[in-house]
**Student:** 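Would you mind keeping the following structure in view while I ask a few things?
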Amino acid sequence: MSGSSKEQGGRRDLVPRPDAETTSDFEANGDIIGRWGAGLLHLHSSTCRLPLGYDWARGDDGRWSPHVRSRSLVTGHKALPWMHLGYVPHWIVPRAEDRCDLIAFLGTWGERFAFGDGVEANFPGYGILRTEPRKRAQDLWEDGIALELGVESDGKRVRFSELDARFRRSPGQLELKACDDASPFARVRVCVPESPALSCWWEVELRVPSGGRLFIETRHLLKRLTVPPLDFQEPIDTLRAPFGFGNFEDGLLEPMLQDRSLTFRSSEVELDAELIVESEEPPQFRWAPVDAFCAERAQVLGLDRSRAAAFDVVTEIPLKSSPEVQTVRVGLRGHRTEAAPSAPPSFRRVWEDSAVDASGEHPLVFRSGDIHVDGYFRWATDVLVSLVWPNGVLTTGALGYLGKSHVGQDIPLVYPSLLYHEHPRLQAAARRNLDFLWASPRRGENRGIIDHPADGFDFAFVPFDPRQARFWKSEGAVGLLRQIDGLMRYGDWTGDRARVDRYLEIATEVYFEHYHPFDPDAPLWLAGEETQNASYLVATAPGCLERFARGLDARSVSARAESVRADARVIRELANRPRSQGGFLEEADQVAPDGRRIPGGLLIPRGTDDSESWMFSYDILLVNAVALLNRALEPAAAARVIEVLLDPQNPWLVPEAGFAKTVGGGRGVWFWHNSLIAQALLEVEGERQSAARSLAWRLLQWMGRAVVDFNGIGIPGEETMGGDYAMAVGCLGITTLIEGLLGASVVDGSLTLRPRLPDEVAELRVENLLFRGQRWDVQCDPSGVTRHAS
C-alpha cells in the first residue's frame, strides 16, 4: 500500500471489510459462507482448477469495492500469460514419464477493463514484465467471464450475475442460493469432483411458473502450455526460447453435435472438450467461431465454421410451465479421444463423489474452538492438496504462480506441512519432490539451489517436466540449506532412512566440496535470488546446519558433523555482530524522511534501510522471525526482537490484520510472515510467555478472518489483492499450529508433544496426526495432554 495508509486509517483500507450483508464467515465444519460477490473463490480437484468471481478492486480514492464482475458465475482475471495464467479455468493432464500438460478448455469472453488484478504493477521485476510488457499485453486472450446463465420468461431476460445470492463453499463445490424468492434462479451449484477426472458440473434449480428458456453462454477454446522435448538439455529462457513458459499451443477445435452434448475435438492435443446437458426438454446448441483475442464478442467472418481456434456457444433449454422447482444440469468434461464416453455419466454419482471431503480418507482434523483458526486450517489443507500436480510435483501456487516451483524458497518451507497428513497426494509429494531434486540428472557440477523465477529460466517447467527441469545452479546456499533441512525433517517424521541416507550423501558431498569452511566474502554463500541474500543466510543457516549436523552424527560421521557446527557458530557470530562492525544487527533506530521508522535491535537486510527506497523496512520482521526459529540470535538480541514484536505500537502492525511487509502497512499482509512470527512467539518462555502466546493466537485468528472477510478463499498478497491467492507459503500456518501450538516435535525418533496453549484456548484436539505410518489423536488443555493411536 502507498504512504496514504495513515491518511485513510491504515487497517480499514489495507484489508477490505465488507458491511454486515457481504461479510463472509466460517461455519462450524469449516465451510465458508457469505454474500455472493464478496470476492474470488477457487474450486479444485486433482486435475480441474476453477476460479469463480472477481476479487475486490481499489479505486482512485483508495477505497475497496466489489469488482464489476464480482457476481459473474465463472470468471478469469485480465492476466499475463505467465505465472498468473492460473486464473483461467483449466485442467492439468498427466502424461508419460512424469510429464504434465496444462490445458484450458473453457475460455473467457466479455469486455476488457482498464484494471486487472494488480499483477501488472506489483511484479515489475518478474519474468515477462521485464521484456516488452506493452507489446505482450496486446495478446491477452483471457479477459472476462467464462460462463453466463440467463432465463427468459414473460418477455424478460434475467441474468444470474445481476442477482443477489448467498454462497456456501465446501471442498470441491460451491452452492449459491438466491436471496430473493422471486428470482427465477432458486439455486446454483458448481461442482469440481475428484472423480471422474477432468470434469466440472453446474446444477441449476429454476422457479419459472410461466415457462420460458434457460440460456447458457460459454466460450470454448483449447490452449496448452508447451513443454520442452525430453532431449532438450540447454537452459530455457522462458520468454524467448521456442519452448518457453507462456508460449501457448493452440488446438483447432472441431464441433461434433450429439443428442444432448456438444463435443469439441482437437487432434493437436488428443483431448476433447464436451458440453453435456441433462434436462427434461432436449437442448438446442448454437455455435460460431470467434477471435479469442478480440475484446468484444463477435463472429469472425471468413472462418471455417467447422474448424476454428475458438467457438462461442449458446445452449438454449426450454422450460416447462410449473410452479415447482425444475433442475437443469450442465457438465463440462475433458477426456482423451480414445476413451470418449458413449453417454454422459450419472450426475447423481458425480454429485455424491464431490461431497467427499477433499482432505482424504483420514483427514487431519484440527479443533481449537475458534471457527476462524479451525477454518484457516481446513482452508490451508485444501490449498496444500491443490498445490500437488498429478505427477507429484509441489508447486508454489495453485492459482497464480501456476507452473512454478520455487525449489529454494517456498517449497522447502512447506515440506513439514506435507508430513502430518495421510492424504496420498501429500505423501507422494513429500517423497517425489525430494527425488526430483536430489536425483536430478541435470545437477552436474552445480552446487546451489535455484530459488526464484526472476532469472527467467526453465525451472518454471518443474511441474511440466521434472526430469528435465533445472533445480540446481551455480549459487544458492540458502536454498541448499533449506532443502537439506527439509530432507532431515522428512526423515524425522517418516522414518524413511534409506531415502534420507541416499540423499544426505549427495548433500554432504556438495557441502564439503563447495561450502566448507564458511567464507563470509564468497559469492557462493551470499549470492542468490529473493530470499537467498546475506540476511536470510545468517538467519537460516545456524538452525539448518545444526539439524544437518545431527543427521551426520546419526550416521556416525561425527568429525564432519563438528565441522558443520563450526560453520554454524561462525555464521551465528556474524548475525549478532553490529552492522557498524560488518554484521547484521542494527542497534539504532532508522528513520526515513517521511517518518517511517525501523526500531533498533533487529537484523537488517542489506538495502532495506535505504530511506529513499521503496524497500525501506521490507521483509525485516520475516528475517527476524526466521532467525528466532533457527536460534540464530544471542539471548539479548532475541529478547529485543520479541520486545519489538510485542510492542502495540510496532510500525509494521496493521490492527486486526497482522504484520505487513513494510512499516505503515505497505505492500500487504502476508501469511508466511505472520505464520513464522506466530510460531516464533509460541516458543517464547519466561515472563513474556503469556503475552507472546496471546499475540500469536491473534495473528492466527486474523489469518482466518482474512481468508473469508473479503474473498472467501484468497490470501493477502502484494498490495493486499495483487499477489497469489492460493500459494504454498500461505499454508505455513499448518506447521505453526501443529509444531507451534501443539508443540509436536521429533526427539530421538519419538514423537514429543509440548502444547503451548494461550489463555484464549480452553482445549485443543488434533485427530489423525500422522507420524511414521501411525495416526494419533491428541487432546490437550491447561491441565495436560493425552494421546492415543487412532
Side-chain angles (χ1 to χ4, degrees), residues 15 26 30 32 42 171 359 363-387 394 396-398 409-421 423 426 489 621-622 625-626 628-629 645 654 656-661 668-683 692-709 711-717 723-745 755-758 760-761 764-766 769:
V15 179
F26 285 107
I32 300 173
H42 179 214
S359 298
L364 178 63
V365 177
F366 184 93
R367 294 192 177 100
S368 67
D370 185 281
I371 61 172
H372 289 100
V373 175
D374 298 351
Y376 164 79
F377 187 91
R378 174 168 169 174
W379 168 84
T381 299
D382 292 340
V383 169
L384 194 62
V385 173
S386 76
L387 294 169
L394 181 66
T396 294
Q409 177 182 323
D410 294 11
I411 302 307
L413 291 173
V414 180
Y415 274 158
S417 297
L418 295 170
L419 303 174
Y420 316 134
H421 306 256
H423 194 291
L426 298 183
R489 299 284 295 272
L621 290 191
L622 175 63
V626 172
L628 288 174
L629 290 170
L645 292 174
V654 180
E656 298 185 46
F659 292 106
K661 269 181 173 280
V669 175
W670 282 64
F671 280 17
W672 69 316
H673 292 227
N674 287 270
S675 295
L676 293 175
I677 291 171
Q679 188 170 350
L681 289 168
L682 288 168
E683 295 185 4
R693 291 181 179 180
S694 181
L695 176 57
W697 183 248
R698 291 199 300 276
L699 293 176
L700 294 166
Q701 287 179 312
W702 293 339
M703 286 163 55
R705 289 174 180 149
V707 169
V708 298
D709 272 343
N711 58 18
I713 187 60
I715 70 172
D724 199 352
Y725 281 85
M727 59 194 300
V729 288
C731 303
L732 290 185
I734 295 175
T735 300
T736 300
L737 291 166
I738 296 297
E739 297 191 11
L741 196 65
L742 184 60
S745 62
R756 307 179 180 102
L757 301 186
E760 294 87 342
V761 179
L764 178 64
R765 292 182 60 87
V766 178
L769 176 65

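Here the structure is a predicted model, which is why all the values come from computation and not from measurement. When reading the values below, keep in mind they use all heavy atoms of this one structure, side chains included, and skip hydrogens, waters and symmetry mates.
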**Student:** Looking at side-chain heavy atoms only, is the closest gap between Trp379 and Asp382 below 4.5 Å?
**Tutor:**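 With C-beta onward as the side chain, the pair stays apart.
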**Student:** Output the distance between atom OG (Ser694) and atom CG (Leu682), rounded to the nearest 0.5 Å.
**Tutor:**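 Nearest 0.5 Å value for the OG-CG distance: 10.5 Å.
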**Student:** Can any side-chain N or O of Arg756 pair as donor or acceptor with the backbone N or O of Glu739 at less than 3.5 Å?
**Tutor:**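 A pair under 3.5 Å: yes.
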**Student:** Over 60° means perpendicular and under 30° means parallel, so classify the ring planes of His421 and Phe377, tilted if in between.
**Tutor:**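 Parallel.
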**Student:** Ignoring hydrogens, what is the shortest heavy-atom contact between Pro758 and Trp697? Give both atom names and the distance.
**Tutor:**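 Smallest heavy-atom distance, with atoms named: CG-CB, 3.8 Å.
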**Student:** Tell me, yes or no, whether the heavy-atom count around Arg367 atom CZ, taken from other residues, nucleotides or ligands under 6.0 Å, exceeds 12.
**Tutor:**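 Open.
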**Student:** Atom SG in Cys731, atom CG in Leu418: separation rounded to 0.5 Å?
**Tutor:**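 Cys731 atom SG to Leu418 atom CG measures 9.0 Å (nearest 0.5 Å).
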**Student:** Taking all heavy atoms of Leu384 and all of Ser417, pick out the closest pair and write down the distance.
**Tutor:**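 Heavy atoms only, the tightest pair is CD2-O, 3.5 Å.
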**Student:** Measure the spacing between CH2 of Trp670 and CD1 of Ile677 and express it to the nearest 0.5 Å.
**Tutor:**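 Those atoms lie 14.0 Å apart.
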**Student:** For the pair Phe671 and Asn674, evaluate side-chain contact (heavy atoms from CB on, under 4.5 Å) and give the outcome as yes or no after the intermediate values.
**Tutor:** CA-CA 5 Å; Phe671 280 17; Asn674 287 270; 5.7 Å; no
**Student:** Leu741 and Leu757: side-chain contact (heavy atoms from CB on, under 4.5 Å), yes or no, with the steps?
**Tutor:** CA-CA 6 Å; Leu741 196 65; Leu757 301 186; 4.3 Å; yes
**Student:** Atom CG in Leu419, atom CD1 in Ile734: separation rounded to 0.5 Å?
**Tutor:**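 Going from CG on Leu419 over to CD1 on Ile734, the span is 11.0 Å.
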**Student:** Considering all heavy atoms of both residues, which atom of Asp410 and which atom of Ala728 are nearest to each other, and what is their separation?
**Tutor:**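 Smallest interatomic distance, heavy atoms only, reads CB-CB, 4.3 Å.
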**Student:** For Gly733 versus Met703, what's the shortest heavy-atom pair and its separation?
**Tutor:**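 So the two residues come closest at CA-CE, 4.3 Å.
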**Student:** Give the intermediate values and the outcome of side-chain contact (heavy atoms from CB on, under 4.5 Å) for residues Leu742 and Leu737.
**Tutor:** CA-CA 6 Å; Leu742 184 60; Leu737 291 166; over 6 Å; no
**Student:** Locate the shortest heavy-atom distance separating Leu695 from Phe659; write the atom from each residue and the value.
**Tutor:**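 So the two residues come closest at CD2-CZ, 4.2 Å.
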**Student:** To the nearest 0.5 Å, what is the distance between CD on Glu683 and CG on Leu628?
**Tutor:**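 Here the interatomic distance stands at 9.0 Å.
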**Student:** Return yes if some donor-acceptor pair links the side-chain N/O of Thr736 with the main-chain N/O of Ser675 below 3.5 Å, else return no.
**Tutor:**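 Such a contact is found between Thr736 side chain and Ser675 backbone.
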**Student:** Which heavy atom of Thr735 sits nearest a heavy atom of Pro416, and at what distance?
**Tutor:**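 Distance-wise, the nearest heavy atoms are OG1-CB, 3.7 Å.
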**Student:** Can you tell me how far CG of Leu681 sits from CD of Gln679, rounded to the nearest 0.5 angstrom?
**Tutor:**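 So the CD of Gln679 and the CG of Leu681 are separated by 10.5 Å.
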**Student:** Return yes if some donor-acceptor pair links the side-chain N/O of Tyr420 with the main-chain N/O of Leu364 below 3.5 Å, else return no.
**Tutor:**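 No, Tyr420 side chain to Leu364 backbone: no donor-acceptor pair under 3.5 Å.
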**Student:** After noting the C-alpha distance and the side-chain angles of Phe366 and Val373, does the key distance pass the side-chain contact (heavy atoms from CB on, under 4.5 Å) rule?
**Tutor:** CA-CA 9 Å; Phe366 184 93; Val373 175; 4.1 Å; yes
**Student:** Got a donor-acceptor contact below 3.5 angstrom from the Asp374 side chain to the Ser368 backbone?
**Tutor:**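 Yes.
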